[in-house]
Visitor: 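Below: one structure in structure tokens.
Lettering of chains follows the sequences in order, A, B, ..., and the numbering in each one begins at 1.
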Amino acid sequence: MTAFILRRLLGTLPIVLIVGIITFFLVQLSPGDPAMFYVSADAPPQEIERVRTQLGLDQPVIQRFGFWLGEVLQGNLGISFHQNRPVLTGFLDALPVTLWLAFFSLVIALVVGIPVGLLSALRPNGLVDKFSTVFALIGMSMPNFWLGMLLVLLFAITLGVMPAQGYDPTSFWTGFRSLLLPAITLGYSQAALVARMTRSSMLEVMRQDYVQTARAKGLRTPVVLGKHAFGNALNPIVTVIGLAIGSLAAGSAVVEVVFNLPGIGRLVVDSVMRRDYPMIQGILLLTAGMIIVINLLTDLLYAIIDPRIRYD
Amino acid sequence: MTDSSQQKQDQTRRTVLAVDNLQTRFMSRGPALKAVDGVSFSIGEGETVALVGESGCGKSVTAQSLLRLISPPGQIVGGHIYLEGDDLMTRSQSEIEDIRGNRAAMIFQEPLTALNPIMTVEKQLAEVLHRHHPQRRKEARAQVLDMLQKVGIPDPEGRLRAYPHQLSGGMRQRVMIAMALLSNPRLLIADEPTTALDVTIQAQILELMRNLCSQMGTALLLITHDLGVVAEMADRVIVMYAGRVVEEAPVRTLFAQPAHPYTRGLIQSTPNLATHQGQLVAIPGLVPTLADLGDVQGCKFAPRCSMATDKCRSEDPPLQTLGPDRAARCWYADEVMQTVSAQA
Amino acid sequence: MNTRDFGINRLSVLLGTLALAGAAQAATCEGVYGGELSIAGPLSLVTLDHMAITSEPTAPRNAVYEQLVALDANLVPQPALATSWETSDDGLTWTFELREGVRFHNGQELVAEDVVASWERYSEVGARRFELEDIDRVEAIDDRTVAIHLSNPYGALLESISAMSGAWAIMPANIARELGTTRADRAEQVVGTGPYKVHTIVPEGRTTLRRFDDYTMHEGEASYNAGARCAYFDQVTYTHISDPSTRVAALLAGEIDLAIQVPGDEADRLINANHTQVVPTSPGARVYFKFNVAEGPFADYPLLRDAVRAGLDTEELMAGFGPSDYWRANNTPRFQEPQWPWIDQSHHFPQDMDLAQQLVDESGYQNEPIRFLVVPGGATGWEKAPAMDQYLRDLGLNVRMESLDGATFGSVRQNLSSWEIKGAGGGSLVGLRYLDASGVDRNGNPWPNLPDGWHDVLERALNTEGQEARAAAAEEFYELHAEFNNELWTGDVFFIVGANSNLRNIATDDSTASFWNIWREE
């Protein structure tokens, strides 16, 4: 197992490197000039040229790439054009908000998605199942930002019980309050996905012989479903959760902008808008690394859930 | 054991299971499909009864109906199931769950898929004891070990922490048997228990089941399509076709003198039983699907029967008693018995 | 030496004000003191380095830093840290008298050496130092007198040193030298003389300012960046909320007091709520379209430019910005009086489709493709672009609209082979830089076929003595500009400031949402 983890971690390095290379050229070769944001779009050409030189943008892209790669391999992600401080510092400043947001969203996705999926699987085409189908359909088709705006309208503006935007890290409670509506916004579509996956996985598993065996043993229905069926239904659900974490990373960009959360999502959107190359490259590199690690953890989780899966 | 002594014993035995006019249907968009259509039979203490028929004849549905394991769209719509005199049809869901795995247990066909792949052998076995005998929780492990030993698993201690995929097919079925017999059930229903195993293992498992059941006085309902197994194991045989009992007889009588053309066809199409005739004879036609049966007038077997007459095609024959423990659902049962005798 | 830019009457008023400074100060700040003001704007604030950047929100920097002179609402430079100034006869030396008793936030007293050191840093890092490239050196004559030595006469010197952004801010000499070319990002590096001082800067998060109790008041009515500035609030916070709907939601939910740049279509929500108000602030943005007069159909067929101008209903076009209170089409009187003398207001054309069609026919246009670049969020963005696209189609032009993000737009427009017409926008108070820039493309190259005399008139507008004479030269320049017809001005759109109803005295002449004279009255 340890060997497997080490091998996989080593295997991530080339992936991260490739992500880095693609990102670098994608970012640097896309139109747009950071210098215009550094001074002003209306500054005269010679002034913009001066800033380009100052930012090192006057050099050929291949040369810049070599320099960047050398620095990255030494663990240096560079200095953000906009923030004028190390990319890593900016990233780490923004990370906790996003992690908390992802965590709460995931909790919502699981706490809502799994029971709804279980109940629907229990009586396919029953009332709960029909309700959950509609719930899931809405969840998967409604854009995040729209749900977010509706929640803000109701809970923040009309009822005034929740904050409309922003992040207050004073305490766990204030942080939780700031993140509740965004987490619902982000978690809803994932909850819908988890519910559908739980339902289909459970229906699949409930047809299996060992569930029949468990019932023939006289086990109570909750035990049959909870222990025998659900345990076996978990793997596809874990897969969906693994994928959900990826979607959460993507969705957080929209949700963090709508709810004005100073997280990675908003930072990457803003950085793209102002062509803060080092910041974009750094965030994408670190995020790619994080998602790869999460995938690895998901794979390890499979082995914990299902003893038939072994990594040697 | 001779037939006659066996029969005599049967009559003195207490009846463990009595099934009366059991009807199980599958609800579909069209008319309900009659998977089990008025089946009646009984099994005595220590007796082994084989339920035979081709795939789709309703034997497995019958077996599942006995423990009320039928789930929607299937539904038991009529009849009675008496387990030691208790009518299971009048029991609540919770009471039925108390009976399952306790007074009546079941073994399934495919030992790999019938065991939960993510639980250890010990957990799956001990679960039965925890469920039905919570007061004996402390002795659970000892009992599990004892039972694993009884079903002939070598190094039972070592197997406790094994997962099903780490065991061979035969071992898994032994574990299934151990699990079924842990609560010392009065009735064991074995649904094609050896179909998935290779021949040498089959014999061992059947031997084991027979020995344990007779030791414990457990009534055994053996569901199979394999007449070889039937000949080996059963005291009595019930032949099902299209959701109904078409013949019922003590095992030797059945093989010696089948009273239903279908039974005769089954015997003739089984290699080691048919060898003395020098040739295998297939039953023409296909097993009708449940949906097709609604259209068949008269005897359900008539479309495939070489002896069928106009009467067969228009009038449905009743199950006629032909003697003690003997019945057949055929207008021409006597003729069938005679032709077979003549051939022999 | 002669005194300029101030009539004798004005000077005497000024002297009078100075004499009564103490009394006047108390008299001008009549609002309610105390409390906290929470502002949200669209741009992220990571630094308050007033010299180095232009793209950040300007109000917090203008609350912290001050310059020698400050623009009033008519864009006339007024005394700020300098109380008076003189120009030498050759126009090469400007001498400024510094205000007495001014203290920096760190307690140091302002002296001429600070102005010199600030200039030295500005000449290295100043984002708009190109406007001041005629400055040779800045000299401290004595503690309270500063001389600016020019290499060429520069008539618009005062306007350039009073820039609101990327500005020659005055900071303590030691800090200016210590910083050098380093950007002043940390709170302790940002030290000015303004009514508020920096308390904390959380990059991408929240910037907190606190009242500077030793602030030295300037004389005169508060007007734009000039005049009296009363710091009523104990504390002011600036938060960055990039999404406009979120800013409105935050204001409606009572989480902020002031939202900068409310979109026109969201204004009604604030008007209808009983605890919020909207304040349209001028000058807003000037909305225009720019023709590519170097390449393509608009260069080859100049009449086509006139055709587009004639085929446009500017009022209908501007209606895309929301309620009519928040924009002015170019065929209506301008919102602001009196006028900044250099603003073009003479060249509007009523819509005349027949004329437009006739001009298209006469132009020689052969159905060549016309690429129309649009940038979302810009003054000519999504609100107006589809309508403009339709007008061009109605004229029978083979137009293709391309919507680009800001950065892409900024790059693509530099390539003159990649577009024919594009949306544009800029400060409504156009100044000399704008006049200058209208003659060159984004690469700094002069447009081909500029009318004769373009550069001469521009030179006169910049360097003629006396503002009125310069305004006359500018007027002349506008004639040329209209004749050249490379820009199609359709009107102005005002920035809408959303505010809590309990705020008083929000300046309507300031679209940067300056907050130094606002107070709260429950």
Visitor: Quick one, P203(C) and H82(A) - any side-chain contact, counting heavy atoms below 4.5 Å?
Guide: no

Visitor: Any idea which of N84(A), V257(A), D33(A), L267(A) has the most non-hydrogen atom pairs under 4.5 angstrom with chain C?
Guide: N84(A)

Visitor: Could you walk me through whether S44(C) and R266(A) pass the side chain to side chain contact (heavy atoms under 4.5 Å, CB included) check?
Guide: CA-CA 11 Å; S44(C) 100; R266(A) 196 186 74 174; 5.8 Å; no

Visitor: Just checking heavy atoms, which of residues 50-66 of chain A are less than 4.5 Å from chain C?
Guide: R50(A)

Visitor: Tell me, side chain or backbone of A273(C) under 4.5 Å from chain A's heavy atoms, or both, or neither?
Guide: neither

Visitor: Which atoms of S242(C) are under 4.5 Å from chain A, going by heavy atoms: the side chain, the backbone, both sets, or neither?
Guide: both

Visitor: Where does E255(C) contact chain A at under 4.5 Å (heavy atoms): side chain, backbone, both or neither?
Guide: side chain

Visitor: Within a strict 4.5 Å, meaning less than it, do heavy atoms of the I48(A) and Q414(C) side chains meet?
Guide: no

Visitor: Between R269(C) and I157(A), does the side chain to side chain contact (heavy atoms under 4.5 Å, CB included) criterion hold? Intermediate values first, please.
Guide: CA-CA 11 Å; R269(C) 292 177 73 193; I157(A) 296 174; 3.7 Å; yes

Visitor: Determine whether D270(A) and H240(C) make a side-chain contact, defined as any pair of heavy atoms from C-beta on separated by less than 4.5 Å.
Guide: yes

Visitor: Step by step, work out the side chain to side chain contact (heavy atoms under 4.5 Å, CB included) result for Q165(A) and R247(C).
Guide: CA-CA 8 Å; Q165(A) 53 84 39; R247(C) 284 200 295 282; over 6 Å; no

Visitor: Given side chain to side chain donor-acceptor pair (under 3.5 Å), test S411(C) with R275(A) step by step and report yes or no.
Guide: CA-CA 11 Å; S411(C) 284; R275(A) 298 293 192 271; over 6 Å; no

Visitor: When heavy-atom pairs shorter than 4.5 Å are enumerated against chain C, which of G90(A), S30(A), A164(A) gives the highest number?
Guide: A164(A)

Visitor: In the structure I gave you, are the side-chain heavy atoms of M273(A) and D405(C) within less than 4.5 Å of one another anywhere?
Guide: yes

